[in-house]
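Below, each value reflects all heavy atoms present in this structure, side chains not excepted, and no hydrogens, waters or symmetry copies.
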Amino acid sequence: MVQWALVLHGLGTATVVVSFLCGQWPIFEGTFIERLHYFLTFGAYDYFLRFVGKIFGSRAKNCVLGVERYCCERPNPTLQIFYLAIIGVTYVIIAKSSFKYIPGYYVGEYHKYLSVVAVVVGLVLFVLTSFSDPGTVTAENASRYISAYPYDDLIFVERECSTCKITSRPARAKHCKICDRCVARFDHHCGWMNNCIGEKNTRYFVAFLFWHFLICLYGTVVLGFILAGQLQERKIIYILTVYYGVENSFSALFPHVVQYFLASYNTQILLTVFLGIISLLLAGFFGYHAHLCLTNMTTNETFKWQDYISWKRKVNEAKTSGSALKESLNVMNGTTPVPQSKWRTFCKKSPLQKEEPIVVNNVYDKGVFCNIYEILVPLSQRRSFFHSKEA
């Protein structure tokens, strides 16, 4: 019974984590995962507000809304503290529950020290991403950024930022309402870092994602080897086949081995499942941002291009609808000659289907190697940036 409870607990945790982080992905559209994502991100909080307002009154509801504004609309270290708590608690649980099996049949003594190095490197990347300047645009350096990032006149046009007193905000920059500053090559505001991700710290952020993916994968693999080592050291397979008469095949041994692990090493099993799920999610996030870096695009720009394509598609639909209506009126008025061949009329493509192809013309994409170099060595940290002409 306890074993099944642990299995259900692991499956439930995995479902909630995937729904919360990935429920809006197109692959989950119309599924239970999408509905659970909506409930976790909007529905549950809405019900909670209604409950607080009904039971404790409007004063308590306003207090909850004040906490929400502090956590979501102002810089605060809430998620940073939560990240440090997750790292610290997870490492302590692993050390207390699993280090006693090191060294083991498959795991060497050095893994105790290598794990410390891995966590420390992760914390260094966290500090670099959180506290480094993302690329703040000011009235003094705006003209240099304009030279570095020219307007494409599609998704970026010359625009003023009255808040920062910048008459011409550079292309690819955006004013972050949370940080209250304009950031060059703005990607997004990351609550986990309590900082914007922009031109100067994208390299640290991508390295942070990649390194934490490796840490979680490393933890999953080492815990798996610890469990496999315990099978060998305690001769579980031998005992099951010789003393209990279980057939020496994967299908016959698997349920017995799983039952043994859940009864004797439930902490290691839960940690393995937890780290495995987190590593998959981090792999997805890293893959997405690596693709953005290779194509010299940002998260902010992907949304802008989506809006542009949606607008362009509506314009094209309006044009084709107008052309179709005009052609129909001409036929009715007799101004358009009727074609001799009926088959030609039957096979003729409808004007509504003649849509102008929409091309994403990313003028900032300079090729894979140049794009990677721009991430590693931002334009604002090169000599050419400081020698550029002032506007």
Kindly determine whether D133 and R181 satisfy side-chain contact (heavy atoms from CB on, under 4.5 Å), including the steps that lead there.
CA-CA 11 Å; D133 176 23; R181 60 182 171 181; 4.3 Å; yes

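- Taking Y288 as the reference, L292, T299, T302 meet the side-chain contact (heavy atoms from CB on, under 4.5 Å) condition, with sequence neighbours excluded.
- V119 is connected to F82 through a chain of hydrophobic side-chain contacts under 4.5 Å among Ile, Leu, Val, Met, Phe, Trp and Tyr, so both are in one cluster.
- Applying the under-4.5 Å side-chain rule to Ile, Leu, Val, Met, Phe, Trp and Tyr, the cluster around V368 extends to L294, I372, Y373, L376, V377.
- The aromatic rings of F56 and F51 sit perpendicular to each other, their planes meeting at more than 60°, with 30° as the lower class boundary.
- With sequence neighbours excluded, the residues forming a side chain to side chain donor-acceptor pair (under 3.5 Å) with R185 are N296, listed by chain and number.
- Under the 4.5 Å side-chain heavy-atom criterion for Ile, Leu, Val, Met, Phe, Trp and Tyr, I87 and V92 are members of distinct hydrophobic clusters.
- Applying the salt bridge (charged side-chain N to carboxylate O under 4.0 Å, His left out) rule to R35 yields no partners; only residues at least two apart in sequence or on another chain are considered.
- A salt bridge does not link E160 with R169: every distance from a Lys NZ or Arg NE/NH1/NH2 to an Asp or Glu carboxylate oxygen is 4.0 Å or more.
- Sorted by first and then second residue, the side-chain hydrogen bond (donor to acceptor under 3.5 Å, both in side chains) pairs with a member in residues 204-224 read Y83-H212, H111-Y218; sequence neighbours excluded.
- Linking ILVMFWY residues whenever their side-chain heavy atoms come closer than 4.5 Å, directly or via other members, places F254 and L262 in the same cluster.
- Shown here are the side-chain contact (heavy atoms from CB on, under 4.5 Å) partners of P75, two or more places apart in sequence or in another chain: I178, N194.
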